[in-house]
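Notes follow the structure.
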Amino acid sequence: MAAKHSALSLKILAECPVTKARACEMKLPHALVKTPVFMPVGTQGSLKGLVPDQLRDLDCRIILGNTYHLGHRPGPELLEKAGGLHSFMKWDRALLTDSGGFQMVSLLKLAEITEEGVKFQSPHDGSEMLLTPEHSIEIQNAIGADIIMQLDDVVSSTVSGPRVEEAMHRTIRWLDRCITAHKRPHDQNIFPIVQGGLDENLRRQCAKELIKRDVPGFAIGGLSGGESKEHFWRMVTVSTDELPNSKPRYLMGVGFAVDLVVCVALGCDMFDCVFPTRTARFGCALVRTGQLNLKTKLFAKDFRPIDGDCKCSTCAKYTRAYLHTVATNETVACTLLTVHNVAYQMSLMLAMHTSIIEQRFPECVQKFFEDMFPEKNYPDWAVKALASVNIVLK
Amino acid sequence: MKFSVEKLVQGSCRLGVLRDVGKLKNQTVETPFCLLYTRGGSVPNLSNDTLGYVQDLPPVALMPLNVLAEHHETVQEYGKGIAEFTVMKDFLVCCTMQDPCTAAPSGYNDKTSVALWGRSGKMKVDPELFVKVQEAFQPDWFQCLGDADTCKTSSKKRTKKAVDNTLNFLDEILSKRKSSQTLQKMALFGSIGGGFSQFERERSAKETVARNVEGFALEGFQNDGEEFCQFGDKDFVDILSLTLKHLPEDKPRMMCAVLRPDVVLQAVRAGIDIFDTSYAYAATEKGHALVFDYNYHTPSEEVKDSDETKMSTPATESGFTINLGDKKYRDDFGPLLAGCKCFTCKTNTRAYINHLNNVTELQQGILLMIHNLHHYLGFFSALRQSLREDKFDQLEALIAQQKPHSPDR
Ligand SMILES: [Zn+2]
Ligand SMILES: [Zn+2]
């Protein structure tokens, strides 16, 4: 059943009969998004080294912006004056913003969490600031993204004990404050965040509470922060078990290819990560077999494209040898490698989407792992995670 | 390469045509024009895709050897030349020695070689290596190996040495060219140096003219890569004009440097034909957008009237550029330049670029480079038009009005 206040509709096109994977079409105010989807991160209202036209050419439909950064510069007043971030950065497709809480806790050492909100010292003038759930939503309403996040109580995934339980309960209380404060439910979709650290019961309990609220989709948070991969996949799978089929599930901060493939099998629909764009800036290109560090001498006289099968404009025209001469020296290298890395993520997600529809997702997973690990030295956690959804890697 | 002056305007401004340049067999290039400045083989900040957003690009790319030369073995093995290697095969390539935007450390040239400063440090290029590099790169035209390490304050001895070295290198390259099929296909420009010495400039010009070159590269006025503003310097104008007097009318003259629009016009008056777009890049690097008016058709009084009525942001500052990093553009939702038809101005605002500047996002460089290239190329197109229409002095007056009070604009 569709949520009452919702600017999102999810159409499940196909479900994998073997795993928990599904292929959907998610309709947002600014785009029709095919899932599983990877969302490149444009932290400060720009995707490093690309203009929006290039993202459109890559068939990218949704990108992410960071509320902490955008709330500071250019700030909500200016964004409101500009008519929102879409208009400010000339991106007419979908946007998603985080709540700002995660960045605050991870970037600012002095952040302190109270029931009221996240208290922190302004990195600019040293004054004490407070980000409340209401304030986070207010900024996100000014930014105007298609999907916005509740402010959650973020605890490092390596912390355990009563603090984790406290954070889980507080996250639920803050969700209710966020929903009340949300002024644009008709054109912005708020997602609550499943917390609960690395405790299966807390995760289940949290998810069960959240799904009682009338929200258009759910995020799984607090992972990919240094916990063991064993913990990571178990927390993902218990979360997706609890979440309703009819709504999208967004696994926050995950973007390595292996993680993406496993977590799609575990039932996640949406992902984001700075990794593909950040690694491009350091001269690394993502390929089926892993990554190529184009700075190394190995590529100095390699006149092949990064990936002969890749359809991106970089691979159509540029050789590894030329990229070697400019990698990290010229800004154009960042553009060229970012185009390729975003294309790589897009094509990986599209390959999964298509294989789910064609009812051959398990074969797609098998092929991916064979390419990535030709020696078949598959990571143990991935083998277990996939076995839990009936894929046995050969 | 063939060149002819089609029309001489006001005694010394040359409206000319280049023919038979490299692959461009059936196409002609009207001068004065500017070469498309590249660094490391790409227009700075722009990939092949984003360069495509700029309309009416010049047909020739300028590729200074300083950062490229060290890759000559790679390009040799690649076998298809530097244009194809750098994905610039839609352009002809002109290889020069030094980057107009980068200072070359002084004091490293000698009788046998010239120092090029690339990514991995100093590379000493002697005639033999120089020929190897050119054979690998296969440009359509190239500037001869030369010693341009002079400026206004150079000693007499240094200036003389530079001219001697350059002439010796030219002789060696000319003799090596006889046995190189590849080099024979390329147009060779001789370098004319001599710092600020009238005597050395004349010697350099006369000696170079006596040799078999297709054109001339004027250099050695400065060696620090700074914006070239010395046209305010009377000595400079005199020396350049005097040097050019010794050059034959039917060969093109190139001067690659970061040149403000007023300086370009003075150089055209002195008789230069070929420039480059490095000024557009230098402005981009500073976060500046070119906004000077080159529409000399509008009578100046009308300009004033419409200025007062239509401008949302009054042009309170003088100069050819605006600094997008300035706080005053924070909430300016107008384009970089009202009426500009470039890709950037069509959709983006000053406020957005101000934001990108504040947070040092790479996209600023892309968007500014596109606008600045578009604007500088538009200026050159207007410049040629003004020569055709005998209205060069109108353009000069319009540009002079906008001349900055402070030297950095
Ligand atoms: Zn590619
Ligand atoms: Zn423009």
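A, B, ... follow the sequence lines: proteins, then strands. Residue 1 opens every chain. Every heavy atom of this structure was used, including side-chain atoms; hydrogens, water molecules and symmetry mates were not.
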- Contact part of A/S46 toward chain B, heavy-atom cut-off under 4.5 Å: side chain, backbone, both or neither? both

- Item | Largest heavy-atom contact set with chain A, pairs under 4.5 Å, which of B/I366, B/L46, B/V43, B/N48 | B/N48

- Message: Please check this pair: side chain of A/R73 against backbone of B/V359, looking for a donor-acceptor N/O pair closer than 3.5 Å.
- Response: no

- Query: Using non-hydrogen atoms only, which part of A/K48 is less than 4.5 Å away from chain B: side chain, backbone, both, or neither?
  - Reply: both

- Query: A/G45 and B/Y352: which non-hydrogen atoms are nearest, and at how many Å?
  - Reply: O-OH, 2.5 Å

- Note on the structure: If one checks every heavy atom of B/E73 against chain A at 4.5 Å, the contacting part turns out to be both

- Message: So, taking the atom named NE2 in A/H324 and the one named OG1 in B/T74, what distance separates them when rounded to the nearest 0.5 Å?
- Response: 7.0 Å

- Pick one of side chain, backbone, both or neither for B/F333, based on which atoms fall under 4.5 Å of a heavy atom in chain A. side chain

- Is the shortest heavy-atom distance from the side chain of A/K317 to the side chain of B/D49 under 4.5 Å? yes

- Message: Heavy-atom count check: over 12 atoms from other residues, nucleotides or ligands less than 6.0 Å from A/R281 CZ?
- Response: yes

- Between B/H355 (side chain) and A/M89 (backbone), is there a donor-acceptor pair under 3.5 Å? no

- Query: Within a reach of under 6.0 Å around NZ of B/K124, are more than 12 heavy atoms found that belong to other residues, nucleotides or ligands?
  - Reply: yes

- Query: Take atom CZ in A/F102; do more than 12 heavy atoms of anything else shown fall under 6.0 Å from it?
  - Reply: no

- Note on the structure: Under 4.5 Å to a heavy atom of chain A? For B/E361 that would be side chain

- Within 6.0 Å of NZ in A/K295, more than 12 heavy atoms from elsewhere: yes

- Task: State the CG-SG distance between B/L362 and A/C334, to the nearest 0.5 angstrom.
- Result: 5.0 Å

- Message: Between A/D53, A/L336, A/V339, A/T43, who has the most heavy-atom pairs with chain B when the cutoff is under 4.5 Å?
- Response: A/D53

- Query: In Å, rounded to the nearest 0.5 Å, how long is the span from OG1 of A/T331 to CG of B/N45?
  - Reply: 3.5 Å

- Please look at A/Q54 and chain B and tell me whether the side chain, the backbone, both or neither of the residue comes under 4.5 angstrom of a heavy atom of that chain. both

- Query: Heavy-atom distance under 4.5 Å to chain B: side chain of A/V326, backbone, both or neither?
  - Reply: side chain

- Message: Only pairs of heavy atoms separated by less than 4.5 Å count here; which of A/T335, A/T314, A/L50 has the most with chain B?
- Response: A/L50

- Most contact-rich option vs chain A, by heavy-atom pairs under 4.5 angstrom, among B/K89, B/R330, B/Q364, is B/R330

- Query: Would a 4.5 Å heavy-atom cut-off, applied to side chains only, mark A/Y318 and B/T86 as touching?
  - Reply: no

Donor-acceptor pairs are to be reported for all side-chain atoms of residues 61-71 of chain B against protein atoms at under 3.5 Å, with residues two or more places apart or in another chain.
| unit_1 | atom_1 | unit_2 | atom_2 | d |
| --- | --- | --- | --- | --- |
| B/E70 | OE1 | B/R119 | N | 3.1 |
| B/E70 | OE1 | B/S120 | N | 3.4 |
| B/E70 | OE1 | B/S120 | OG | 3.3 |
| B/E70 | OE2 | B/S120 | OG | 3.1 |

- Should the heavy atoms of other residues, nucleotides or ligands under 6.0 Å from NZ of A/K90 be counted, would the total exceed 12? yes

- Return the orientation label for the B/Y78 and A/F303 ring planes: parallel under 30°, perpendicular over 60°, tilted otherwise. tilted

- Using the side-chain hydrogen bond (donor to acceptor under 3.5 Å, both in side chains) rule, take A/Y322 and B/S42 through it: C-alpha gap first, then chi angles, then the decisive distance, then the call. CA-CA 10 Å; A/Y322 180 67; B/S42 289; 2.8 Å; yes

- CG of B/N348 to CZ of A/F88: how many Å apart, nearest 0.5 Å? 10.0 Å

- Note on the structure: Highest number of heavy-atom pairs under 4.5 Å with chain B among A/T319, A/D57, A/N329 belongs to A/N329

